[in-house]
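Since the structure is predicted, the reported quantities are computational estimates derived from the model, not experimental observations.
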Amino acid sequence: MSDKIFSSLDMIMTGQILKNNIKKCGYTVREIQKLLNLSCPQPIYRWMRGRTMPSLDNLYMLSSILGVHMEDLLLPKQDEVWLLQWDENNQESRRLKAYEQQREQSFYK
């Protein structure tokens with residue numbers, strides 16, 4: 001048996017990442033709906049709220065549309081990032097900012 005610790009995805013923060021990337025690229029939910037061939041926009045709203053996750057196929061298409069790697073659209077649960085912002089846990093944007101700062105620091109090491 002392996003000593004590796006595996007983590008699941010943080011659905012709420014992943015939804016925030018999707019929402020931020022869609023907005024940053026200038027797309028509307030309706031435009032994403034059409035590009036993904038979805039019959040209605042509700043799945044996209046559910047992804048952005050962290051209630052559900054896109055299918056692997058939709059995630060792949062989203063990464064192409066948004067011009068990022070699939071992994072950059074997903075955020076694993078990370079207790080150390082959560083603890084960095086203990087007083088601000090209810091404010092998702094602050095937690096996301098802490099994650100991005102940690103990611104940049106590990107990139108430049």
List the steps, then state whether side chain to side chain contact (heavy atoms under 4.5 Å, CB included) holds for L38 with N58. CA-CA 10 Å; L38 299 174; N58 284 332; 4.2 Å; yes
Interatomic distance, CD1@I17 vs NZ@K24, rounded to 0.5 Å, equals 10.5 Å
In Å, rounded to the nearest 0.5 Å, how long is the span from CG of L74 to CG of L59? 5.0 Å
Who passes side chain to side chain contact (heavy atoms under 4.5 Å, CB included) against D57, sequence neighbours left out? S55, M61
What donor-acceptor contacts under 3.5 angstrom involve side-chain atoms of residues 44-53, with partners at least two apart or in another chain?
from, atom 1, to, atom 2, distance (Å)
W47, NE1, P43, O, 3.4

Indicate the atoms forming the closest heavy-atom contact of P41 with R30, along with that distance. CD-NH1, 3.6 Å
Rounded to the nearest 0.5 Å, how far does CD1 of I22 lie from CD of E31? 10.5 Å
Kindly write out the residues that satisfy side chain to side chain contact (heavy atoms under 4.5 Å, CB included) with I65, not counting sequence neighbours, or none if the list is empty. Y27, I32, L35, L36
Closest heavy-atom pair, H69 versus S63, reported as atoms and distance to 0.1 Å, is C-CB, 4.0 Å
So does L75 get a backbone contact from the side chain of T14, meaning a donor-acceptor N/O pair under 3.5 Å? yes
